[in-house]
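Here is the structure we will look at, set down as structure tokens.
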Amino acid sequence: MDTSTRAGVGLRERLGSAIFAQVAGPAGPENRARIHGEPGPRWFGPDRPIRTVHGDASMFIGGLRALLLQSLHPLAMAAVEAHSGYRGDPWGRLQRTSTFLAVTTYGTADDAQQAVDRVRAVHHRVRGTTSRGESYHAADPHLLGWVHVAEVESFLLAHQRYGVEPLDAAGYDGYIADTARVAEALGVTEPPRNRKELAARLGAYRGELRPTREAREAARFMLLHPPLPWVARAPYAVLAANSVAALPRWARTSLGLPRLSGTAEACVTPTGRALTAAIRWAMVPPPPSA
């Protein structure tokens, strides 16, 4: 191996390790070894679409898009504002979420169920009242349903636009059906299982969505003031721009985000593809599950 090759390998390893540490946290290597190495039955086999989507770098864009869209439900945003601690510990929240997704997607069935049980216990304790006097409870199946469909649509849209292996029609429906299994375990009632049902469910929530002060402040925090070192600000700006461009126009308007012309959006998308390609290059794939 010549000097330039060794330098390239070293750069790839350093970059991949830095990204993994930020997303997975201090326990990331230990969790990854357990999730992918422990023998036993899984909820999803190696050929399932959920593994294709959740293992791709497009999740970085889809995840931020999901958070922005989810914030437009006033009850969901009130729960996040009062109980999640996203301002004081945003990376901790990201690490917990990414670990949950990894365990339920790739881990053993027992570990997946235990992860779901822990989340349900937290949801049961999260309740309160919005500034308008509306009561919320994080374990409410209807509220959980909104969080679920906003996430599923965001992950799918990002994967179709930025993923290395976009799904075909059967895979698209298969992903929605796969995620329905996790949603039901979390307490969602009759989650959608195909594209038609997903579109209908998203439309059914539209009348409940509205911009709130908390949602707009959360968007500004996530997009403009992330707790990142300066060296990471430029790549994050690309991620943020593509997440915003992936939102429907009504959502951007509600959050007070800039409206992009078709030409501007066309210019943004290639930067997102370049960023996800760079992340994909840096991140070493996990070992195949038993």
Side-chain angles (χ1 to χ4, degrees), residues 1-26 28-29 31-32 35-36 49-69 90-91 93-95 97-99 101-102 105-106 151 153-167 171 175 219 221-247 257-258 260 263-288:
M1 184 182 296
D2 59 31
T3 302
S4 61
T5 301
R6 285 197 299 271
V9 171
L11 173 62
R12 179 179 185 175
E13 291 178 348
R14 289 193 300 274
L15 181 58
S17 295
I19 295 171
F20 181 73
Q22 197 72 61
V23 174
N31 288 335
R32 180 165 62 181
I35 290 168
H36 296 281
I50 192 171
R51 289 192 171 217
T52 301
V53 174
H54 291 179
D56 191 83
S58 60
M59 288 285 285
F60 285 84
I61 294 174
L64 182 54
R65 196 254 193 195
L67 292 174
L68 293 169
L69 186 61
W91 295 114
R93 185 178 183 225
L94 170 64
Q95 290 155 11
T97 301
S98 67
T99 300
L101 286 170
T105 303
Y106 304 102
E151 182 178 273
E153 186 202 38
S154 295
F155 290 167
L156 270 175
L157 189 153
H159 189 267
Q160 295 305 93
R161 187 174 296 184
Y162 306 101
V164 69
E165 296 179 17
L167 302 174
Y175 174 76
F221 177 80
M222 289 187 286
L223 298 173
L224 302 178
H225 307 292
L228 287 168
W230 285 106
V231 69
R233 292 293 177 95
Y236 187 84
V238 172
L239 187 155
N242 280 271
S243 299
V244 171
L247 287 168
L257 302 175
L260 302 178
T263 301
E265 286 195 21
C267 293
V268 167
T269 300
T271 67
R273 290 179 177 147
L275 176 65
T276 51
I279 295 171
R280 203 175 289 120
W281 170 79
M283 299 288 285
V284 177

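The structure presented is a predicted model; accordingly, all values stated were derived computationally and were not measured. Every heavy atom of this structure was used, including side-chain atoms; hydrogens, water molecules and symmetry mates were not.
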Search all heavy atoms of [X] against all heavy atoms of [Y] and return the closest pair with its distance.
| X | Y | result |
| --- | --- | --- |
| Cys267 | Thr271 | O-CG2, 3.8 Å |
| Pro235 | Leu275 | O-CD2, 3.5 Å |
| Thr105 | Arg51 | O-NE, 3.8 Å |
| Pro26 | Gln95 | CD-OE1, 4.2 Å |
| Val268 | Asn242 | O-OD1, 3.2 Å |
| Ser58 | His159 | OG-CA, 3.4 Å |

Are side-chain heavy atoms of [X] and [Y] found at a separation under 4.5 Å?
| X | Y | result |
| --- | --- | --- |
| Phe60 | Ser243 | no |
| Met59 | Ser98 | no |
| Leu223 | Leu64 | yes |

Quick check for you: to the nearest 0.5 Å, what is the distance between [X] atom [atom1] and [Y] atom [atom2]?
| X | Y | atom1 | atom2 | answer |
| --- | --- | --- | --- | --- |
| Ile50 | Tyr106 | CD1 | OH | 8.5 Å |
| Ile61 | Arg273 | CD1 | CZ | 10.0 Å |
| Arg65 | Leu247 | CZ | CG | 5.5 Å |
| Glu151 | Leu101 | CD | CG | 5.5 Å |
| Met283 | Asp56 | CE | CG | 11.0 Å |
| Thr52 | Tyr175 | OG1 | OH | 10.5 Å |

Between Leu156 and Leu167, is a side-chain contact (heavy atoms from CB on, under 4.5 Å) present by the stated rule, with each step listed?
CA-CA 9 Å; Leu156 270 175; Leu167 302 174; 3.9 Å; yes
Pairs involving residues 221-230, ordered by first then second residue, that meet side chain to side chain donor-acceptor pair (under 3.5 Å) (sequence neighbours left out):
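Matches after skipping sequence neighbours: none remain.
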For Glu165, does the CD atom sit with more than 12 other heavy atoms under 6.0 Å from it, leaving out its own atoms?
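Counting other residues, nucleotides and ligands, CD of Glu165 stays at 12 neighbours or fewer.
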